[in-house]
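The structure under discussion appears below in the form of structure tokens.
The first residue in the sequence is number 1, and the count goes up from there.
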Amino acid sequence: MEPPELSPDVLAALPPEVAALVRWLVDENSRLRAEVAALKERLNQNSSNSSKPPSSDPLSKKPAPPKGPSGKRRGGQPGHQRHRRPLRQPTSIMAVVPEACADCGCLLLGQDPHPQCRQVVELPTLAPAVTEYRIHRLTCMQCAATTRAPVPLEARHEYGPRLQALLALLSGEYRLSKRKAEALCAGVLGIDISTGQICALEQDTAVLVQPVVAEAQAYVQQPPVNVDETGWKEGKQRCWLWVAATRLVAVFAIHSARSRAAFHCLMGPQPDQVVTSDRYGAYSHLPPERRQLCWAHLRRDFQAMIDRDNAGRAIGDDLLRQADVLLGHWKRVRDGTLSRWAFQTEILPVLRSPPTWNSSFSCAR
């Protein structure tokens with residue numbers, strides 16, 4: 001409930017000390033109400049009205065009521081597409097032939113032209129393939145000088161390229177720790193390798209794939225791109241993981257700062273394409289025609305306006321409703337049921353529709 005307004009005549013009729021106290025109380029009440037509203041807004045933040053991840057949402061105080069039996073049988077329902085395991089090219093074939101009739105016991109002869117096939121997939125016996133290079137040194141019969149054969153390129157490293165690629169995959173893509181990768185090599189592959197050697201092989205792999213990374217980074221600087229950043233820990237140092245994602249290629253980069261300089265390292269000093277991002281200040285230098293605010297963040301902003309439950313609630317409710325209409329049409333464009341030309345026609349009512357909130361408020365559309 002809003003406090004009543006005091007007219008100047010009422011204040012003028014009061015003693016000066018009392019009028020000053022009333023003015024101070026009114027100002028203090030306004031300040032405290034604004035502070036309480038800000039604290040409530042922070043307390044009510046979740047993944048639907050802020051940038052907080054869903055994992056930070058508190059558990060519901062009231063558990064969901066248990067669902068009653070649906071009356072359906074367990075397993076696949078009628079109309080469910082059946083998934084069959086494809087038959088593989090067999091590495092060995094075992095013929096299982098009945099010897100006698102199951103009814104009378106007579107000897108059975110011949111072959112079934114269409115036998116039932118049951119395949120069993122098994123891992124092969126894993127044993128490391130060790131190639132030993134014996135570098136010979138021979139003595140010249142004429143001058144008595146000794147010459148040793150040069151070490152082949154593939155013998156200059158203790159571990160082969162396939163093992164090196166596997167270790168990079170385990171620690172990079174599958175996020176295994178160095179000790180777990182070491183244990184897997186010893187227990188499954190029968191290869192003894194130290195954690196320090198795994199780190200060295202990872203660094204060698206990073207050097208080898210650098211041309212591919214450079215090509216991917218050059219590619220993401222051309223088509224429309226989505227850019228984002230999140231906290232990252234590199235050893236004991238606080239870093240930031242940046243990503244630039246297009247329809248075909250995504251590039252990740254670890255930078256020590258969350259700044260415009262880090263953005264330029266990823267996207268170049270002057271991006272020429274449309275960049276989709278959140279409201280973080282590192283993107284504020286982009287011109288409006290080259291920047292698209294992330295719709296997920298915009299919808300959270302609209303939901304936050306609704307959750308504040310103040311005069312801006314009607315604005316947030318209208319914006320969220322219009323965003324749902326707009327994104328509903330865009331989903332049809334992505335799945336191929338609506339052309340881009342038809343999409344532009346469908347959203348004209350959204351662009352031209354008047355706001356439903358009070359005329360005393362305005363909002364840029």
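Judged purely by atom type and a 3.5 angstrom limit, D317 has no side-chain atom pairing as donor or acceptor with the backbone of R313. In terms of modelled atom types and a separation under 3.5 Å, the side chain of E182 and the main chain of S177 share no donor-acceptor contact. Remark: side-chain polar atoms of T337 are paired, donor with acceptor, to backbone N or O of R332 under 3.5 angstrom. With hydrogens and angles disregarded, a donor-acceptor distance shorter than 3.5 Å links the side chain of Q119 to the backbone of R88. Counting only distance, with no hydrogens or angles, the side chain of Y219 and the backbone of L248 share no donor-acceptor pair below 3.5 Å. Between the side chain of Q217 and the backbone N or O of L266, at least one donor-acceptor pair lies under 3.5 Å. No donor-acceptor distance shorter than 3.5 angstrom exists from the side chain of R299 to the backbone of L320, with no hydrogens or angles considered. For the pair H255 (side chain) and A257 (backbone), a donor-acceptor distance under 3.5 Å is present.
In plain terms, the two heavy atoms of L184 and L170 that are nearest each other are CD2-CD1, 4.0 Å. Across every non-hydrogen atom of R31 and E28, the tightest pair is NH2-OE2, 2.6 Å. Between Q273 and P223, the shortest heavy-atom contact is CG-O, 2.9 Å. Pairing each heavy atom of L189 with each of P128, the nearest pair is O-CD, 3.3 Å. Summarising the geometry of I135 relative to A149, their closest heavy-atom pair is CG2-O, 3.1 Å, with the distance given to 0.1 Å. Pairing each heavy atom of S339 with each of V333, the nearest pair is O-CG2, 4.2 Å.
Here the straight-line distance linking atom CD1 of I191 with atom CD of Q197 works out to 12.0 Å at 0.5 Å rounding. Taking CD1 from I193 and OH from Y159, the interatomic distance works out to 4.5 Å, rounded to the nearest 0.5 Å. Taking CZ of R308 as the start and CG of N44 as the end, the distance is 11.0 Å to the nearest 0.5 Å. Between the OG atom in S47 and the CZ atom in R300 there is a gap of 7.0 Å [rounded to 0.5 Å]. A distance of 5.0 Å separates CZ in R260 from OG in S284, rounded to the nearest 0.5 Å. The distance from atom CZ of R179 to atom CD1 of I198, rounded to the nearest 0.5 Å, is 10.0 Å.
For the pair R291 and Y283, the NZ or CZ position fails the cation-pi test of under 6.0 Å to the six-membered ring centre and within 45 degrees of the ring normal.
The local environment of CD in E154 is crowded, with over 12 non-hydrogen atoms from other residues, nucleotides or ligands closer than 6.0 Å. Within a 6.0 Å radius of CD in E215, other residues, nucleotides and ligands contribute 12 heavy atoms or fewer. For CD of Q222, the number of neighbouring non-hydrogen atoms (other residues, nucleotides, ligands) closer than 6.0 Å is greater than 12. H264 NE2: more than 12 foreign heavy atoms inside a 6.0 Å radius. The local environment of CD in Q111 is sparse, with at most 12 non-hydrogen atoms from other residues, nucleotides or ligands closer than 6.0 Å. More than 12 heavy atoms of other residues, nucleotides or ligands shown are found within 6.0 angstrom of OH on Y133.
Annotation: side chain to side chain donor-acceptor pair (under 3.5 Å) contacts of R279 (sequence neighbours excluded): D301.
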Step by step, would you call H329 with T345 a side chain to side chain contact (heavy atoms under 4.5 Å, CB included)? CA-CA 10 Å; H329 291 319; T345 304; over 6 Å; no
L286 and F263: side chain to side chain contact (heavy atoms under 4.5 Å, CB included), yes or no, with the steps? CA-CA 11 Å; L286 296 173; F263 173 76; 4.2 Å; yes
Are T205 and Q164 close enough, and set up right, to give a side-chain hydrogen bond (donor to acceptor under 3.5 Å, both in side chains), and what steps lead you there? CA-CA 7 Å; T205 305; Q164 178 178 341; 3.0 Å; yes
Might you work through the side chain to side chain contact (heavy atoms under 4.5 Å, CB included) test for F302 and I306, ending with a clear yes or no? CA-CA 7 Å; F302 302 157; I306 298 174; 5.6 Å; no
Could you walk me through whether C185 and L167 pass the side chain to side chain contact (heavy atoms under 4.5 Å, CB included) test, one step at a time? CA-CA 9 Å; C185 288; L167 290 172; 3.5 Å; yes
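V97 is not listed as a side-chain neighbour of P115, based on a closest heavy-atom distance of 4.5 Å or more.
Salt bridge D324/R321: absent, no basic N to carboxylate O contact under 4.0 Å.
Both F343 and W295 are members of a single hydrophobic cluster when ILVMFWY side chains are connected at heavy-atom separations under 4.5 Å.
A salt bridge (charged side-chain N to carboxylate O under 4.0 Å, His left out) check over residues 194-206, counting only residues at least two apart or in different chains, returns the pairs K178-E202.
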